[in-house]
Amino acid sequence: MPAAAAPFPATPDLSVPVSRYVTQVNADKSVTFRLFAPDAKRVSVITGSSPDSFVSHDMSKDKSGVWSWKSGSLAPDLYEYYFDVDGFRSVDTGSRFQKPQRQVNTSLILVPGSILDDRAVPHGDLLTMTYHSKELHSERRMFVWTPPGYSGKSEPLPVLYFYHGFGDTGLSAIDQGRLPQIMDNLLAEGKIKPMLVVVPDTETDIAQAIPENFPPKDRRKTFYLLNAKAADRELMHDIIPLVDARFNVRQDANGRALAGLSQGGFQALFSGMNHLDSFGWLATLSGVTSATVPDTGIARQLDRPEEINRQLHNFTVVVGEKDSVTGQDIAGLKNELEKKHIRFDYKMYPGLNHEMDVWRPAYAEFVQKLFK
């Protein structure tokens with residue numbers, strides 16, 4: 001006789017407002033984390049953005065089956081968290097705001113009051129472009145932010161190409177990086193020049209470089225370089241020509257910037273050094289570098305410091321002080337740039353790890369340097 005199926009999960013009392021059992025930001029900028037899980041034996045909320053900064057907070061259950069824990073007042077920012085439900089890692093099922101990842105396991109909550117907010121300012125448009133990549137033999141998608149009122153009829157605008165990090169998707173730069181809000185707000189304050197921001201997918205998903213097929217400890221041996229070479233071909237032969245044809249943009253090196261974070265920082269370094277004459281501005285934000293993923297093209301260009309100094313108006317390198325993921329990468333790159341007298345802007349963010357609290361402000365600082 002077949003075993004009986006497990007009963008359906010319990011549902012909250014339909015006479016109770018949803019606000020009573022979902023996570024919320026309070027008036028004093030504290031956050032009350034909630035999860036409806038009446039049959040769970042133990043639930044905790046884990047806050048922080050990386051294993052180095054995770055903190056577990058035990059939650060308590062009320063008679064209706066809602067687990068909760070209240071934080072203290074928080075500084076305005078976008079925070080990451082997830083729930084541990086009897087040993088199972090869970091996103092917040094009461095929130096639509098999840099971290100855009102290839103394997104989604106983290107939720108986000110915004111405490112208002114910073115440059116990350118949707119303010120009452122003129123807003124740019126965020127376009128989703130689906131295209132065929134001849135280089136990758138696949139259908140691909142990227143995001144393009146255009147400044148408020150952009151029609152393509154005025155003078156050509158410069159372009160920033162920005163790559164997200166490992167394990168995320170292009171939406172990470174949009175939803176978690178808050179690029180549209182940062183650009184809207186900085187432009188409204190007169191701190192940046194009008195420009196386009198193009199966000200491709202850092203992962204190419206070619207057969208030889210599907211990230212899920214590589215054990216984490218082996219990624220630097222083969223995956224990063226295989227993917228970077230494919231993404232570089234896509235950038236130079238598919239993406240830039242498509243943007244040049246679709247939008248009224250500058251097509252000179254001084255009108256193009258390239259940046260990225262973590263794995264995307266390696267992509268920016270790879271393409272920036274291998275095609276130095278195509279870009280006038282470059283940034284790697286906590287990026288993997290050739291210190292751990294050697295590339296002959298990067299090495300060859302770094303041996304020509306005069307060319308780099310002549311070509312790049314700005315070369316930005318940033319890292320969190322406690323970054324255990326790419327801290328050695330950035331330290332190696334910094335040492336090489338200094339030894340070869342290559343000009344660059346360097347910033348270490350005190351007390352921070354491999355996290356968005358480094359990358360969002362670093363991005364905001366970098367775009368304020370561009371095209372001026």
Side-chain angles (χ1 to χ4, degrees), residues 142 144-147 150 152 154-163 173 179 182-183 186-187 190-200 202 228 231-261 264-285 287 289-290 295 297-318 333-334 336-338 340-347 359 362-372:
M142 64 183 177
V144 180
W145 178 87
T146 60
Y150 176 78
S154 58
E155 63 181 28
L157 293 181
V159 185
L160 165 61
Y161 293 88
F162 186 83
Y163 282 95
L179 265 59
I182 291 173
M183 298 302 290
L186 288 178
L187 192 59
K191 293 181 178 179
I192 60 173
K193 294 287 187 181
M195 68 185 81
L196 269 67
V197 181
V198 177
V199 181
T202 306
D232 178 67
R233 296 194 302 271
E234 181 190 34
L235 174 66
M236 302 308 298
H237 301 153
D238 292 322
I239 294 174
I240 290 178
L242 175 60
V243 171
D244 287 351
R246 171 68 174 76
F247 300 95
N248 183 21
V249 295
R250 290 174 57 178
Q251 300 183 22
D252 59 303
N254 291 336
R256 288 197 199 109
L258 182 59
L261 64 87
F266 181 67
Q267 192 61 53
L269 183 67
F270 183 93
S271 292
M273 289 294 117
N274 280 283
H275 306 282
L276 183 66
D277 60 351
S278 294
F279 304 96
W281 320 78
L282 181 62
T284 176
L285 314 181
T289 73
S290 51
D295 172 65
I298 295 175
R300 188 183 308 116
Q301 189 59 67
L302 290 177
D303 281 335
R304 301 168 182 164
E306 297 84 3
E307 290 184 8
I308 297 174
N309 288 338
R310 183 168 56 248
Q311 178 69 16
L312 294 181
H313 299 283
N314 180 270
F315 186 1
T316 286
V317 178
V318 305
L333 176 63
K334 178 177 181 289
E336 186 168 12
L337 296 178
E338 289 173 341
K340 295 181 177 177
H341 303 290
I342 295 172
R343 292 192 300 269
F344 67 106
D345 285 353
Y346 173 76
K347 184 169 182 178
W359 305 326
Y363 173 88
E365 289 186 28
F366 180 62
V367 294
Q368 291 180 67
K369 303 172 186 177
L370 297 181
F371 313 124
K372 296 181 178 179

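With sequence neighbours excluded, the residues forming a salt bridge (charged side-chain N to carboxylate O under 4.0 Å, His left out) with D252 are R250, listed by chain and number. Applying the salt bridge (charged side-chain N to carboxylate O under 4.0 Å, His left out) test to K340 and every residue at least two apart in sequence or in another chain returns D303, E336. With sequence neighbours left out, the ring-ring contact (aromatic ring centres under 6.0 Å, His included) criterion links F247 to no other residue. Residues that satisfy the salt bridge (charged side-chain N to carboxylate O under 4.0 Å, His left out) test with E307, not counting sequence neighbours, are absent from this structure. In terms of the side chain to side chain contact (heavy atoms under 4.5 Å, CB included) criterion, residue partners of P194 (sequence neighbours excluded) are, by chain and number, P147, L157, L187.
In summary, of the residues considered (Y363, W145, W359), a ring pair (Phe, Tyr, Trp, His ring centres under 6.0 Å) with F162 occurs for Y363 alone.
Closest heavy-atom contact between F371 and G255: CE2-C, 3.6 Å. Smallest separation of non-hydrogen atoms from I342 and P305: CG1-CB, 3.5 Å.
Put simply, the side chain of N274 gets close to the backbone of F270: a donor and an acceptor are under 3.5 Å apart.
A 4.5 Å side-chain heavy-atom check between I298 and L302 finds at least one atom pair inside the cut-off. When side chains are defined from C-beta on, R256 counts as touching I240, because their heavy atoms get closer than 4.5 Å.
Taking the ring centre of F344 as origin, the terminal cationic atom of K334 falls outside the region bounded by 6.0 Å and 45° from the ring axis.
Within a 6.0 Å sphere centred on NZ of K369, heavy atoms belonging to other residues, nucleotides or ligands number more than 12.
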Check residues 277-284 and write down every donor-acceptor pair under 3.5 Å in which the side-chain atom is one partner and the other belongs to a residue at least two apart or another chain.
| residue | atom | partner | partner atom | Å |
| --- | --- | --- | --- | --- |
| W281 | NE1 | N254 | O | 3.1 |
| T284 | OG1 | G265 | O | 3.4 |
| T284 | OG1 | G287 | N | 3.4 |

